[in-house]
K.L.:
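Let me give you the structure first, and then I'll get to my questions.
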Amino acid sequence: MTSGNTTLDGAGAEAGVTVDKEQILSIVQEVLSAMLDAGEVLVFESDPHGESDNDLYAWVDMHMVLPMGDLSARAVVRTEAATANVITQSLLMMDPSEEVSTEDLADAFGEIANVVGGNVKSLIDVPASLSLPSVSAVGSDALSGTFLQDIDLNWRGMPLNVSLWILTDATEWS
Amino acid sequence: MFVIVADDSRVMRQIVIRTLRQAGYDWEILEATDGQEVYDLTLDNNPDLVLSDWNMPNATGLEALIALRQAGCQVPFGFVTSEGSPEMREQAANAGALFLIAKPFSAESFKAAIDPVLA
């Protein structure tokens with residue numbers, strides 16, 4: 001499940017709901033290039049890097065209406081708190097020495113997940129709605145449901161991970 | 001020009017305002033944080049343009065636009081949103097929006113969407 005093309009399992013695949021790994025990479029590159037790196041692409045696929053105690057998670061949920069019923073998926077962006085701090089400073093054009101508030105960090109990191117998730121949703125050719133973003137330091141808050149796909153990335157030398165999950169029990173669609 | 005910029009994210013409002021300046025629009029800005037504020041501030045202040053996020057608490061941007069049209073308000077209205085699917089573009093156009101700018105955006109994409117509205 002960690003490489004190659006991935007479909008939203010079961011009913012998602014039957015309904016033609018597919019998102020491949022290269023599309024996710026392309027979305028992340030476009031989002032970070034435009035929002036953080038003045039048009040330059042500074043994020044690339046990397047070797048796998050596991051979770052750490054310093055990680056933060058930002059996510060949005062997509063609720064899709066398929067012929068056989070509703071299906072919910074989640075897009076999660078994970079990175080270390082220090083990287084989320086740099087993301088916030090970059091988005092707000094702050095000096096690296098300036099302190100980032102908890103509120104701004106959650107807002108900025110959540111917006112990255114929101115834009116990534118919104119672009120993933122745009123790939124899915126079925127009626128769908130998007131939730132507001134959530135941010136947590138607790139992995140189990142974010143990483144729930146059936147794992148579909150993830151991609152490990154390196155942004156400016158810092159680790160980043162984007163993963164997709166099915167929130168509804170996918171087996172009922174198979 | 002007097003413009004309302006609406007997004008529940010303060011960070012995103014700052015980015016939108018910064019991008020407007022980068023695109024050369026030196027406009028007076030009023031900020032709204034949800035769909036209800038878009039509706040209330042638009043009726044109270046009669047702006048020249050509304051730039052609104054789609055997905056916000058207390059009424060979405062689309063719901064705010066529909067309510068404004070139902071109230072007889074014909075303010076020029078555009079979306080700046082993380083979702084740019086054909087379905088959403090159609091919904092936006094049907095509700096009376098002039099354009100939909102998908103995030104991530106640039107000063108160039110702002111100019112491409114907004115300049116025709118100003119012409």
Side-chain angles (χ1 to χ4, degrees), chain A residues 26-41 43 58 60-65 75 77 84 87-94 100-101 103-135, chain B residues 5-23 31-38 52-64 79-92 94-95 100-113:
Chain A
S26 175
I27 285 170
V28 176
Q29 287 182 326
E30 183 187 359
V31 169
L32 298 194
S33 163
M35 294 180 73
L36 299 173
D37 297 320
E40 205 174 343
V41 175
V43 61
V60 289
D61 295 339
M62 291 156 266
H63 305 287
M64 291 163 273
V65 180
V77 180
I87 287 171
T88 306
Q89 290 175 324
S90 298
L91 280 175
L92 290 172
M93 300 188 92
M94 297 167 67
V100 172
S101 71
E103 187 181 24
D104 279 349
L105 189 142
D107 186 351
F109 189 37
E111 272 306 299
I112 294 294
N114 184 38
V115 180
V116 168
N119 279 266
V120 169
K121 173 181 167 290
S122 295
L123 296 174
I124 301 168
D125 192 22
V126 296
S129 61
L130 195 70
S131 73
L132 296 171
S134 299
V135 176
Chain B
V5 171
D7 200 304
D8 54 311
S9 163
R10 186 182 79 85
V11 170
M12 189 53 70
R13 291 197 304 276
Q14 287 200 13
I15 295 170
V16 169
I17 292 167
R18 187 168 75 217
T19 306
L20 284 171
R21 299 218 167 96
Q22 289 168 345
E31 298 182 39
T33 61
D34 61 33
Q36 184 65 52
E37 273 193 18
V38 171
S52 176
D53 187 18
W54 186 293
N55 203 15
M56 295 184 290
N58 302 326
T60 65
L62 182 67
E63 290 167 341
F79 286 102
V80 182
T81 172
S82 61
E83 310 161 67
S85 67
E87 176 202 357
M88 291 182 66
R89 290 179 186 279
E90 185 179 346
Q91 283 184 50
N94 289 342
L100 185 153
I101 299 170
K103 301 171 188 171
F105 46 73
S106 62
E108 289 71 30
S109 59
F110 265 40
K111 284 181 71 68

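Everything quoted here is computed from the prediction, not taken from an experiment. Each chain gets a letter, A, B and so on, in the order the sequences are listed, and its residues count up from 1. Side chains included, hydrogens not; waters and symmetry mates left out as well; all remaining heavy atoms used.
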K.L.:
State, to 0.1 Å, how close B:Pro104 and A:Met35 come at their nearest heavy-atom pair, and which atoms those are.
P.N.:
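For B:Pro104 and A:Met35, the tightest heavy-atom pair comes out as CB-CG, 3.9 Å.
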K.L.:
So, for A:Lys121 and B:Ser85, which heavy atoms are closest and what is the spacing to 0.1 Å?
P.N.:
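Taking every non-hydrogen atom into account, NZ-OG, 4.4 Å.
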K.L.:
Chain B heavy atoms under 4.5 Å from A:Glu30: which part of the residue, side chain, backbone, both or neither?
P.N.:
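It is both, since atoms from each part get that close.
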K.L.:
So which of A:Val115, A:Asn114, A:Asp107 has the largest heavy-atom pair count under 4.5 angstrom toward chain B?
P.N.:
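Max contact count across the listed options: A:Asp107.
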K.L.:
Look up atom CG in B:Asp8 and atom CD in A:Glu111, then write down how far apart they are to the nearest 0.5 Å.
P.N.:
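The CD atom of A:Glu111 is 6.5 Å from CG of B:Asp8, to the nearest 0.5 Å.
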K.L.:
So, A:Glu103 and B:Arg10, do they make that salt bridge, N to O below 4.0 Å?
P.N.:
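Salt bridge: no.
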K.L.:
For the CE atom of B:Met88 and the CG atom of A:Leu130, what is their distance to the nearest 0.5 Å?
P.N.:
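One finds 8.0 Å between CE of B:Met88 and CG of A:Leu130.
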K.L.:
Do you know which two heavy atoms are closest between B:Gly84 and A:Ser122, and how far apart they sit?
P.N.:
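Nearest pair, atom of B:Gly84 first, then A:Ser122: N-OG, 3.2 Å.
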K.L.:
Where on B:Ser106 is there a heavy atom nearer than 4.5 Å to chain A: the side chain, the backbone, both, or neither?
P.N.:
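Contact with chain A involves no heavy atom of B:Ser106 at all.
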K.L.:
Which heavy-atom pair separates A:Leu132 from B:Pro57 by the least distance, and what is that distance?
P.N.:
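Minimum heavy-atom contact is CD1-CG, 3.9 Å.
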K.L.:
Is it true that atom CD of B:Glu87 has more than 12 heavy atoms of other residues, nucleotides or ligands lying nearer than 6.0 Å?
P.N.:
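Yes - once you tally the heavy atoms of other residues, nucleotides and ligands closer than 6.0 Å, there are more than 12.
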K.L.:
Let me know if A:Ser131 has heavy atoms under 4.5 Å from chain B in its side chain, its backbone, both or neither.
P.N.:
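For A:Ser131, the contact with chain B is made by the backbone alone.
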K.L.:
Work out which heavy atom in A:Gly118 is nearest to a heavy atom in B:Glu83; give both atom names and the distance.
P.N.:
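Shortest heavy-atom separation between A:Gly118 and B:Glu83 comes out as CA-CG, 3.8 Å.
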